[in-house]
Amino acid sequence: MEVMLDLEILKSESYNFKIPLFLKNLSINKGKLIVFSAPSGSGKTTLVHYLLNERTDLAFSISATSRKPRENEIDGKDYFFLSKEDFINKIDNGEFLEYEEVYDGTFYGTLIDEVERNSENGVNVIFDIDVIGGINIKELFPERTLAIFVQPPSIEALEERLKKRGDNSPEEIDKRVEKAIKEIEYSSAFDEIILNANLEESKKIASKYVDKFLNQ
Ligand code: 5GP
C-alpha cells in the first residue's frame, strides 16, 4: 500500500482545521503536558492508565468525542460524549485546543476548559490522543510538552489486537489499519518512541521518560 508522507495530507482530512490563536495567555502555561499518541490498538491507553494508577502527579485530559460510548465507558470520565451537532458548535465557538475528525464523521478533541481546569494549579496533564492531535499539542507548547509515540511491533500485530479487542466492525478495523500505516510515518515528530512489543518493558520505559521530563 502506498504511504502518504505529507503531514498536510493527514491534516486536510480533518474538518475545517484551525488552532485558536489566543492560547499563549491561558493558565495552560502552568503545568507540564505529556502526550501519548499512537495508532489505535498500539496499547497507548493501557500505558496511560498504568501511569495514572502509578503516579499522583498526573491528571488525565478527558477528551470530547462525537462517537457513542462503548460498554463500560462513562461520560465525564473516559470521554465527554457529545452529539455531532454539539461538537461542531463547540468547534465554531473556538472551545477546542485541538480536534480531529479522526474517523469519517467521528470527531475527537481536547477542550481548552478541560486543560485549563487541570493545569490551573500547576498539575501535569496527560493526553491520550491521535497522532495529528499529539503533533498539534507539541507544536503549540514545544517546551512544556513531552510527546511520546507508542509504536506497535508490526501492522499485523496491531490488526490482531484490534480484532481481539472486539470494539470495532471489520470495516472499522480496516480503516484503523489504513490510518495506522500513515501515522507510523510521523513517529519522528515525537520526542520519544516506545516500541510496544512487551507491555511490562514499555511500562518501565514510559515511567522513565515521564520521570525524566517532570524532574528536568
Ligand atoms: P477510540 O475511539 O478508540 O476511543 O479513539 C480513537 C482515537 O482517537 C484514538 O487514537 C484516541 O487516542 C484518539 N483521540 C481520543 N481523544 C482525542 C482527542 O482529544 N484529540 C485527538 N486528536 N484524538 C483523540
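Please read these numbers as outputs of a predicted model, since none were measured by experiment. When a ligand or atom number is given, it counts from 1 through the structure's own listing order.
- In this structure the side chain of Phe96 never reaches within 4.5 angstrom of the side chain of Ile112, judged on heavy atoms.
- In terms of protein heavy-atom proximity, atom 7 (C) of ligand 1 is nearest to Val102 CG1, 4.0 Å.
- At under 3.5 Å, a nitrogen or oxygen of Glu98, whether backbone or side chain, sits near a nitrogen or oxygen of ligand 1.
- One option in Phe107, Tyr108, Phe96, Tyr99 has a heavy atom closer to atom 6 (C) of ligand 1 than any other, and that option is Tyr108.
- The proximity of Arg70 to ligand 1, defined as any non-hydrogen pair under 4.0 Å, is limited to the side chain.
- Under the salt bridge (Lys or Arg N to Asp or Glu O under 4.0 Å) criterion, Lys204 pairs with Glu201, sequence neighbours left out.
- Annotation: atom 11 (C) of ligand 1 to nearest protein heavy atom, Lys44 NZ, 3.8 Å.
- Taking any N or O of Asp128, backbone or side chain, at least one lies under 3.5 Å from an N or O belonging to ligand 1.
- The residues Arg176 and Glu172 are annotated as not salt-bridged, no charged nitrogen and carboxylate oxygen being separated by less than 4.0 angstrom.
- Checked for salt-bridge contact, Asp191 and Lys138 meet the test: a charged N lies under 4.0 Å from a carboxylate O.
- Distance from atom 15 (C) of ligand 1 to its nearest protein heavy atom, with residue and atom name: Tyr79 OH, 3.3 Å.
- Using a 4.5 Å cut-off between side-chain heavy atoms of Ile, Leu, Val, Met, Phe, Trp and Tyr, with links allowed through other members, Leu146 and Leu195 fall into different hydrophobic clusters.
- Side chains of Arg165 and Ser40 form a contact here, defined as non-hydrogen atoms less than 4.5 Å apart.
- A salt bridge is absent between Glu85 and Lys90: the closest approach of a Lys/Arg side-chain nitrogen to an acidic carboxylate oxygen does not fall below 4.0 angstrom.
- The protein heavy-atom contact nearest to atom 16 (N) of ligand 1 is Ser63 OG, 3.0 Å.
- Taking Ile, Leu, Val, Met, Phe, Trp and Tyr as hydrophobic and joining them when side-chain heavy atoms fall under 4.5 Å apart, one finds Val102 in a cluster with Tyr79, Phe81, Tyr103, Tyr108.
- Salt bridge annotation for Arg117-Glu114: present, with a cationic side-chain nitrogen under 4.0 angstrom from a carboxylate oxygen.
- Residue Phe36 places every heavy atom at 4.0 Å or more from ligand 1.
- Under a 4.0 angstrom heavy-atom cut-off, Tyr103 registers as being in contact with ligand 1.
- Near Arg67, with a cut-off below 4.0 Å to any heavy atom, the atoms of ligand 1 are 1 (P), 2 (O), 4 (O).
- Considering backbone and side-chain N/O of Gly109, one or more are found under 3.5 Å from N/O of ligand 1.
- Of all atoms in ligand 1, numbered sequentially from 1 with element shown, those under 4.0 Å from a heavy atom of Glu100 are 22 (N).
- Of all protein heavy atoms, the one lying nearest to atom 13 (C) of ligand 1 is Asp130 N, 3.6 Å.
- Residue contact annotation: Arg176 has a non-hydrogen atom under 4.0 Å from ligand 1.
- For the pair Ser66 (side chain) and Leu82 (backbone), a donor-acceptor distance under 3.5 Å is absent.
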